[in-house]
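A short worksheet on the structure shown next.
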Amino acid sequence: MGKDKYIIWNNDSSAHDDQEECIKEDWIYEVQAALGLCEPNGLWVPSGLVDAVKDAAIDDAIAKAMDDHKETINFVQAYHDFANEENIGAIIDEQFEDDLAEQADMGVENWLGDEVANLSGIDVHRSIAFIKDDDGYCVLNGYRPDSFSKSIDNVGNLIEALYNKMDGDTIELSIKDREMVASESVGYVGEMDDHVVKLVDKDFVREIEKLGDDELNRLYGDNGFNKNEVLDGVIVALAEKQGHLQDIVPAICEVNGWPVGDAESQEAGESLDEICDAKSVEMEFDSGSCEDIVGEQERG
């Protein structure tokens, strides 16, 4: 990937600020439209905002008229003179701060809903999600079981489940170093705890889970696992080793328009692998030939 992190969704202060900025721009435009300066887009604005701007425009016009010793005021012209972005923005900040914050919160939530919908086409129904915490990996459905969870059939379901499983005030869902990661705020301001998410083939998981005690002990011993190792962690480790993981990162990147990787680098990597494989075969052949020769010499 072009960079090591892509944010799918978060609710940190920067996301909230971005929402506030966009909403504020919409409100300013709608107020200007209400005062006859442009065509309206029909977007919602707080009750009383247009009247608050009108009142401020008249007060400003009166003050200027008194300074200029004028006896009359053109209200329409007063509205037009006053209704610039700076003046309307100041009124929003002073009188409609709570409305703006509430709408920004809704905007962040709607963003999550949009991502759930956008990623719902990526099928994961044949995989089981595992999440990593300080104790290692465990099945996502069993992680913090008191939180809401439902069937995870696609990546939209997955990110919704991850959101529900996180406890922090600040939550982030991202692609980080080619891994799916759910992060939550902990402790100090700005400190985030990352949880890597893996998707393991459902049949592979079921095959291991149905093993008896003796078979499990043999599996642990043959693969070098400590007997006290949690089974979920063993399943993920074996799935990584044996190729039973579902990699959803390329599909997520494709949906969001993020670069998946460098084609030239991938081709170069493949070419290098081919060369190494060829060298390995050649060395095995040479080694075998030498052994044959030694054997023949000994027999002679």
Side-chain angles (χ1 to χ4, degrees), residues 1-12 14-16 18-19 22 104-132 137-145 147-166 168 170-184 192 194-207 232 235-236 239-240 242-267 269-270:
M1 281 183 282
K3 58 180 181 177
D4 61 0
K5 182 177 179 180
Y6 294 110
I7 295 174
I8 298 171
W9 178 88
N10 68 21
N11 65 346
D12 65 8
S14 63
H16 192 276
D18 289 343
Q19 289 289 331
C22 292
D105 288 341
M106 291 176 58
V108 172
E109 291 180 11
N110 290 339
W111 177 23
L112 177 61
D114 291 341
E115 288 301 324
V116 169
N118 289 340
L119 298 174
S120 63
I122 304 173
D123 184 18
V124 298
H125 83 280
R126 295 184 61 82
S127 297
I128 295 177
F130 288 76
I131 187 168
K132 187 176 183 180
Y137 282 99
C138 70
V139 176
L140 179 59
N141 282 340
Y143 181 67
R144 294 175 179 166
S147 60
F148 172 77
S149 61
K150 62 179 182 180
S151 176
I152 299 175
D153 296 322
N154 56 65
V155 175
N157 297 151
L158 176 61
I159 65 171
E160 193 172 20
L162 290 170
Y163 168 77
N164 289 321
K165 293 291 184 180
M166 296 296 102
T170 300
I171 298 170
E172 180 177 272
L173 307 175
S174 66
I175 302 299
K176 189 174 182 180
D177 297 327
R178 297 191 65 85
E179 302 273 21
M180 179 77 177
V181 177
S183 308
E184 59 186 339
M192 300 289 286
D194 289 347
H195 304 275
V196 176
V197 179
K198 302 280 189 180
L199 291 172
V200 182
D201 180 80
K202 191 176 292 185
D203 292 338
F204 179 76
V205 176
R206 298 292 181 245
E207 285 295 323
D232 286 348
I235 290 173
V236 173
E240 285 186 292
Q242 299 178 15
H244 294 289
L245 293 181
Q246 180 180 358
D247 184 7
I248 58 175
V249 170
I252 293 174
C253 289
E254 183 177 354
V255 169
N256 286 286
W258 301 327
V260 179
D262 188 323
E264 291 184 4
S265 296
Q266 290 175 347
E267 290 176 2
E270 290 169 0

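Just so you know, these numbers use all the heavy atoms, side chains as well, and skip hydrogens, waters and symmetry mates.
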Give the C-alpha distance, both sets of side-chain angles, the deciding distance and a yes or no for side-chain contact (heavy atoms from CB on, under 4.5 Å) between Glu184 and His195.
-> CA-CA 8 Å; Glu184 59 186 339; His195 304 275; 2.9 Å; yes

Under the side-chain contact (heavy atoms from CB on, under 4.5 Å) criterion, do Ile235 and Val139 qualify, and how do the steps go?
-> CA-CA 10 Å; Ile235 290 173; Val139 176; over 6 Å; no

Before giving the answer on side-chain contact (heavy atoms from CB on, under 4.5 Å), spell out for Cys138 and Ile131 the whole-Å C-alpha distance, their side-chain angles and the decisive distance to 0.1 Å.
-> CA-CA 6 Å; Cys138 70; Ile131 187 168; 4.1 Å; yes

Can Ile8 and Ile175 be said to form a side-chain contact (heavy atoms from CB on, under 4.5 Å), step by step?
-> CA-CA 7 Å; Ile8 298 171; Ile175 302 299; 4.2 Å; yes

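Looking at Trp9, its side chain does come within 3.5 Å of a backbone N or O of Val108 through a donor-acceptor pair.
Residues Lys198 and Met180 are not in side-chain contact: their nearest non-hydrogen atoms beyond the backbone lie 4.5 Å or more apart. Between Leu140 and Leu162 there is a side-chain heavy-atom pair separated by less than 4.5 Å. Two residues are said to be in side-chain contact when any heavy atoms from C-beta on lie closer than 4.5 Å; Leu119 and Leu158 fail this criterion. Residues Val200 and Leu245 have side chains in contact (heavy-atom distance under 4.5 Å, counting atoms from C-beta outward). At least one side-chain heavy atom of Arg206 sits less than 4.5 Å from a side-chain heavy atom of Ile128. Looking at heavy atoms from C-beta onward, Phe130 lies out of side-chain contact with Val196 at the 4.5 angstrom threshold. Within the 4.5 Å cutoff, no side-chain heavy atoms of Thr170 are placed close to those of Asn10.
Between the side chains of Asp105 and His16, a donor-acceptor pair is found at a separation under 3.5 Å.
Under the 4.0 Å criterion applied to side-chain N and carboxylate O atoms, Lys132 and Asp194 are not assigned as salt-bridge partners.
Nearest heavy-atom pair across Arg144 and Met166 is NH1-CA, 3.7 Å. Nearest approach of Ile159 to Val116, heavy atoms of both residues: CD1-N, 3.8 Å. Nearest heavy-atom pair, Ile252 versus Trp258, reported as atom, atom and distance to 0.1 Å: CG2-CZ3, 4.0 Å. When all heavy atoms are compared, the tightest approach of Asn154 to Gly156 is OD1-N, 2.9 Å. Of all heavy-atom pairs spanning Tyr143 and Lys165, the tightest one is O-NZ, 2.7 Å. Shortest non-hydrogen contact noted between Val260 and Cys253 is CG2-CB, 3.8 Å.
Rounding to the nearest 0.5 Å gives a distance of 10.5 Å between CG of Leu199 and CD1 of Ile122. From Asp12, atom CG reaches atom CG of Asp18 across 8.5 Å, with rounding to the nearest 0.5 Å. Here Ile7 contributes atom CD1 and Asn256 contributes atom CG; the two are 11.5 Å apart, rounded to the nearest 0.5 Å. We find the CG-CG distance between Asn11 and Leu112 to be 9.0 Å, quoted to the nearest 0.5 Å. Atom CG in Leu173 sits 9.5 Å away from atom OH in Tyr163 (nearest 0.5 Å). Here Lys5 contributes atom NZ and Lys176 contributes atom NZ; the two are 5.0 Å apart, rounded to the nearest 0.5 Å.
Surrounding CD of Gln242 are more than 12 heavy atoms belonging to other residues, nucleotides or ligands, all under 6.0 Å away.
With sequence neighbours excluded, the residues satisfying ring pair (Phe, Tyr, Trp, His ring centres under 6.0 Å) with His244 are Phe204.
Contacts classified as salt bridge (Lys or Arg N to Asp or Glu O under 4.0 Å) and involving residues 114-123 (residues at least two apart or in different chains) are not found.
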